[in-house]
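Each chain gets a letter, A, B and so on, in the order its sequence line appears, and its residues count up from 1. Computed from a predicted model, the values in this text were never measured in an experiment.
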Protein chains: 2
Amino acid sequence: MSNSPTIIPVIAPPPAGFGAAPTFSPLYQQIKALITGSLQAGEWKPGELIPSEVELAARFKVSQGTVRKAIDELSAENLVVRRQGKGTFVATHHEVRAQFRFLRLMPDAGEAHQADNQIIEVKRQRAPADVARLLDIKPADAVIFIKRVQSFDGAPTILEELWLPGLIFRGLTAERLVEYKGPMYGLFETEFGTRMIRATEKIRAVHADHIATGLLNVSVDTPLLSVERVSFTYGDKPVEVRRGLYLTDRHHYQNELS
Amino acid sequence: MSNSPTIIPVIAPPPAGFGAAPTFSPLYQQIKALITGSLQAGEWKPGELIPSEVELAARFKVSQGTVRKAIDELSAENLVVRRQGKGTFVATHHEVRAQFRFLRLMPDAGEAHQADNQIIEVKRQRAPADVARLLDIKPADAVIFIKRVQSFDGAPTILEELWLPGLIFRGLTAERLVEYKGPMYGLFETEFGTRMIRATEKIRAVHADHIATGLLNVSVDTPLLSVERVSFTYGDKPVEVRRGLYLTDRHHYQNELS
DNA sequence: TAGTGGTCTAGACCACTAT
DNA sequence: TAGTGGTCTAGACCACTAA
């Protein structure tokens, strides 16, 4: 193509200034949305190679630089991972580099945790009202409820309760959770086609209740971190609510402000 | 310039492959370092307009695109702020958008805090051993110690202790802190030429001690968030240690994982 | 109107990876 | 050697701001 810069290719252009809400957006944003759509639709699975920048530029009929800028942002949002000389890959939770993105509890001293995961309970139930609101589903809808304890170096440290939409995680059982080795988000991604993209956490200090007392092996009224997490998949759709109680006598929640 | 792409301008080039440790770095990274240097040296003060991309490109004898990429990163790191049609400005803590970057405690419900800041104590002392280590100074060196309580909507909520290098913050007094309106980091930046760039926080759950009990008006053994912050200025130099106790009965620490 | 940052293109070369 | 992402350039036009 010689020169046709004002034409917006592929995507329906807002040709002139009329209609309700112009909704302009840069070309690279439109390309980014298209690629995100393909990721969401599963055209390329987590861990797989996506087409090269040159190929994508040809497919969308834009320059390589425009595709590059789109992928730049996807890479910054951890949706894809670039590897020089190899290509661009769909991000996956089955990677070392992705492991600690959602687990912020670090040992005060020493090395990586020798982690152990104990499933206490898994059941299907109706969504509690507050969980339903957070998951954006109806209270009558089914959810999978999971309770587990994570130990580091033999010491029970995290007591967690999770609620997952029953519709998406149909067939998730305690057996499956127990036999699966590796991060839980890896399981969700591989077995249920649901990839956690981002999450928000609300953190408080609370007292251990009598249940936590037993499972974490601490005395009543031990101060614990309460961490309520809502995780989102593509399209900012909430797909997990998690309530954790963290024992912070030998660990701390690490955060970077930048 | 017609065509001289292999020449690295301005900065001493690694002309061929010899010498110890080649230390290659992309041109835009070198430009970024130069601009950061000017920021650190105070060539442009916080809030001020920096030269346009075209000007900087001419100064450094590179293309505008290269300067742009350098500024892209500085903008992503919150060192500068771009404003279309106006120019690029040195970031400052005297902005609404920057206020909540370091204060993560949010009210559970309702609107922005009616904040009140009560200075309890300001004194000059020798650095405690652990603080000295975090600030990368000698234990014999002087630090400014500040103790204060922040209240939201009339309720005492944060009890904080701060340690600042005495060398940098010479002349910081209780009076100055009390009479200054606005964020403390704004004061540091304007009066002491030290701008906080990023920080790390370690968060734990602890019991209120008897001092916190009085100042936060809570009973002994109330669970509190312990937040230890180390703040850094240009060149990753630590310039503040802060230990806060957050009351989280009506507030929570908000965090985004992405 | 002039100047700024924002977008888009086209083409060149480099660094890295695999075959 | 071929293909990938990474860097750099030069030039065009757009959107926004202010005089």
Side-chain angles (χ1 to χ4, degrees), chain A residues 1-11 13-17 22-33 35 44 48-58 60-76 80-91, chain B residues 1-11 13-17 22-33 35 44 48-58 60-76 80-91:
Chain A
M1 42 176 50
S2 54
N3 204 351
S4 55
T6 59
I7 294 177
I8 298 182
V10 180
I11 306 93
T23 329
F24 282 113
S25 86
L27 237 192
Y28 76 89
Q29 287 288 1
Q30 302 176 46
I31 304 299
K32 180 185 170 190
I35 297 175
W44 316 299
E48 284 183 9
L49 184 67
I50 77 171
S52 75
E53 296 177 355
V54 176
E55 280 180 79
L56 290 171
F60 298 131
K61 297 200 170 61
V62 299
S63 78
Q64 185 186 351
T66 300
V67 170
R68 165 164 288 274
K69 179 139 190 185
I71 295 180
D72 276 347
E73 293 204 349
L74 293 173
S75 175
V80 300
V81 176
R82 315 180 98 132
R83 295 202 195 121
Q84 183 172 116
K86 301 173 99 170
T88 302
F89 299 79
V90 183
Chain B
M1 43 177 49
S2 53
N3 204 353
S4 56
T6 58
I7 294 177
I8 298 181
V10 179
I11 306 91
T23 327
F24 281 114
S25 86
L27 238 193
Y28 75 89
Q29 287 287 1
Q30 303 177 44
I31 303 300
K32 180 185 169 190
I35 297 175
W44 317 298
E48 283 183 9
L49 183 67
I50 76 171
S52 75
E53 295 177 355
V54 175
E55 280 181 79
L56 290 171
F60 298 130
K61 296 202 170 60
V62 299
S63 78
Q64 185 185 351
T66 300
V67 171
R68 164 163 289 273
K69 180 141 190 183
I71 295 181
D72 274 347
E73 293 203 350
L74 293 173
S75 175
V80 300
V81 175
R82 313 180 99 133
R83 297 204 193 119
Q84 182 172 116
K86 300 173 97 170
T88 301
F89 299 79
V90 183

Could you tell me whether the side chain of [Y] reaches within less than 4.5 Å of the side chain of [X], counting heavy atoms only?
X	Y	result
B/Val62	B/Tyr28	no
B/Leu27	B/Phe60	no
A/Leu56	A/Ile71	yes

Nearest whole angstrom, please: distance from the [atom2] of [N] to the [atom1] of [X].
X	N	atom1	atom2	answer
B/Leu56	D/dC8	CG	P	16 Å
B/Gln64	C/dT9	CD	C1'	15 Å
A/Tyr28	C/dG6	OH	P	9 Å
A/Ile71	D/dT7	CD1	C1'	16 Å

Counting side-chain heavy atoms from CB outward, which of [options] is closest to [X]?
X	options	answer
B/Glu53	C/dT7, C/dG6, D/dG6	C/dG6
B/Lys86	D/dA18, C/dT7, D/dC8	D/dA18
B/Glu55	D/dG5, C/dT4, D/dC8	C/dT4
A/Lys69	C/dC8, C/dT7, D/dG5	C/dT7
B/Arg68	C/dG5, D/dT17, D/dT7	C/dG5

Earlier contact from the 5' end, DNA chain C, for A/Ser63 and B/Ser52:
B/Ser52
For B/Thr88 and A/Val67, take the nucleotide of DNA chain C holding the closest heavy atom to each; which residue's nucleotide lies nearer the 5' end?
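Closer to the 5' end of DNA chain C: B/Thr88.
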Once you apply a heavy-atom cut-off of 4.0 Å, does B/Gln84 come out as touching a base, just sugar-phosphate, or nothing?
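Answer is base: heavy atoms of B/Gln84 come under 4.0 Å of a base.
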State, to 0.1 Å, how close B/Trp44 and B/Ile50 come at their nearest heavy-atom pair, and which atoms those are.
CE3-CG2, 3.8 Å
With DNA chain D as reference, determine whether A/Gly85 or A/Asp72 sits nearer its 5' end, using the nearest nucleotide of each.
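Taking each residue's closest nucleotide, the earlier one in sequence belongs to A/Gly85.
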Residues in side-chain hydrogen bond (donor to acceptor under 3.5 Å, both in side chains) contact with A/Lys69, at least two apart in sequence or another chain:
none
Runs of at least three Watson-Crick or G-U pairs with DNA chain D, cut-off 3.5 Å:
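Stem list for DNA chain D: C:1-18 with D:1-18.
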Side-chain polar contacts of residues 81-91 of chain A - donor-acceptor pairs under 3.5 angstrom, sequence neighbours left out - could you list them?
residue, atom, partner, partner atom, Å
A/Arg82, NH1, A/Asp72, OD1, 2.4
A/Arg82, NH2, A/Glu53, OE2, 2.4

Check whether any side-chain nitrogen or oxygen of B/Arg82 sits under 4.0 Å from OP1 or OP2 of C/dG6, and answer yes or no.
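Result: yes.
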